[in-house]
There are 2 protein chains.
Amino acid sequence: MEYEGADPGTVRPGGRTARVRAAVLRAAGDAMAEGGFAHLDLADIARRAEVGKTTVYRRWGSVTGLVADLLTDMAEQSLPRTETGSLLDDLKANARLVQRTLTDPRQGALFKAVIAAATCDARTAQALHRFYETRVEEWAPCVQQAVARGELPEDTDPHEVIRAVSAPLYYRFLTTDGHLDEATADRSAQAAVAAARAGVYTRRA
Amino acid sequence: MEYEGADPGTVRPGGRTARVRAAVLRAAGDAMAEGGFAHLDLADIARRAEVGKTTVYRRWGSVTGLVADLLTDMAEQSLPRTETGSLLDDLKANARLVQRTLTDPRQGALFKAVIAAATCDARTAQALHRFYETRVEEWAPCVQQAVARGELPEDTDPHEVIRAVSAPLYYRFLTTDGHLDEATADRSAQAAVAAARAGVYTRRA
DNA sequence: TCCATAACGGGACTCCTGTTCCATTTGCTG
DNA sequence: CAGCAAATGGAACAGGAGTCCCGTTATGGA
């Protein structure tokens, strides 16, 4: 009577298991970028990954489960952050990074699909939240430095400022057909700085 | 040889056809609010609406097509706007309206599903864009009045300001698990005002 | 190196989504 | 109010997504 509840892939995570996971996650990303969330089919992903259909169903169970795993994988690979010494420039760099990501054909489609998946399943939503939490955490220091330099009020919430930079870009990305250009990215950084300076993001406000 | 390309429901839009459309759209809204976009099944919607499954497939064809129709229907029913004479108060009212909508269990789930559907299909995305365009258009006047009063720079883009109010709320709604409260709504209004005053949303900026 | 078994892969099977056909109902027009 | 055809609805059908079974492969530990 062993532990039968152990998820497949957790007892022997190395070798073939790891290769299969990498291939499937890659294939899932490709499929989402090409067809979007709705047309996603686990059998097709298995074919792309040159892996048995049964394996995909056994290890991930559903499309949303697979996306959740993909998101935890994405959260682990972090991107380098700039460090210019100026809050506005740092936030502009962040905004342009987001803008480039969402504008890129493959990445943009991928993010759309991932967001769609997260709205359909609680576990996937948690994975998405964690992904953005790590991204926000990575960029928070540049706000903290601005606070230390006296550019911003003492009790400014760094996370809120970083989120304020991304928010307009994602909002445009999802709810308008206007294209996201660099000027838009710069505006969102400027807006975040203006609001932060005005003390909107202080914790006690 | 008549016009065979005419979509079903367009030649005799009255009577039964209209009743069927209303029943199906209502059922679609219910289904989306309950199960989310992924578990959406046209046969189930037909059952809820007490309508033949064939009818739903013939008139709307797919889940995304149905959502697109639902969105044009939603865009037509407009909500009343406040008129307080103060930009900040107007925008706070707008922000709280959005916050209440997204927080409401049924409406919130519905919007999640609708956004998910829009990421999967170009036609549905267009319908979603038009929906937000009309909403933004409705609220733009209060920004224009603020410009007229001299509260904001001359060439401020009113649409951008309204979008700036909603953006943080939607961003939180989709990418974090933090709950949307009135304080958050007020902050987004304050941030929009601060940025607008700083001239971030002027057209030539 | 060798063994126990975790993990994979193929194929058959089931159920459900979406399509097609045709009879019936019911708007619209004269 | 009468008739034509638009629109609906039921039933049968087809195709594909997801499950199950069991033999095969190869991992991790001794």
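Note on naming: letters A, B, ... go to the chains in the order of the sequence lines (proteins, then strands), and numbering restarts at 1 for each one. Nothing here was measured: the structure is a model prediction, and the numbers come from that model.
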Query raised in the report: Tell me, for nucleotides 16-27 of chain D in 5' to 3' order, what letter each nucleotide earns: B for a base near a protein heavy atom under 4.0 Å, S for only sugar-phosphate near one, - for neither?
Result: -SBBBB---BBB

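For the pair A:Arg59 CZ and C:dG9 C1', the interatomic distance rounds to 14 Å; values are reported in whole Å. For the pair A:Trp60 CH2 and C:dC8 C1', the interatomic distance rounds to 11 Å; values are reported in whole Å. Separating the CG atom of B:Asp44 from the P atom of C:dG18 is a distance of 12 Å, rounded to the nearest angstrom.
A ring-centre distance under 6.0 Å is not found for A:Phe173 and B:Tyr171.
Ion pair A:Arg135/A:Glu138 flagged as a salt bridge, since at least one NZ, NE, NH1 or NH2 atom sits closer than 4.0 Å to an Asp/Glu carboxylate oxygen. With respect to the salt-bridge test (charged N to carboxylate O, under 4.0 angstrom), the residues B:Asp186 and B:Arg96 qualify.
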For a quick test of your reading: what N or O donor-acceptor pairs under 3.5 Å do the side chains of residues 18-28 of chain A make, sequence neighbours left out?
unit_1  : atom_1 : unit_2  : atom_2 : d
A:Arg21 : NE     : A:Asp69 : OD2    : 3.1
A:Arg21 : NH2    : A:Asp69 : OD1    : 2.9

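Annotation: side chain to side chain donor-acceptor pair (under 3.5 Å) contacts involving residues 109-118 of chain B, sequence neighbours excluded, are absent.
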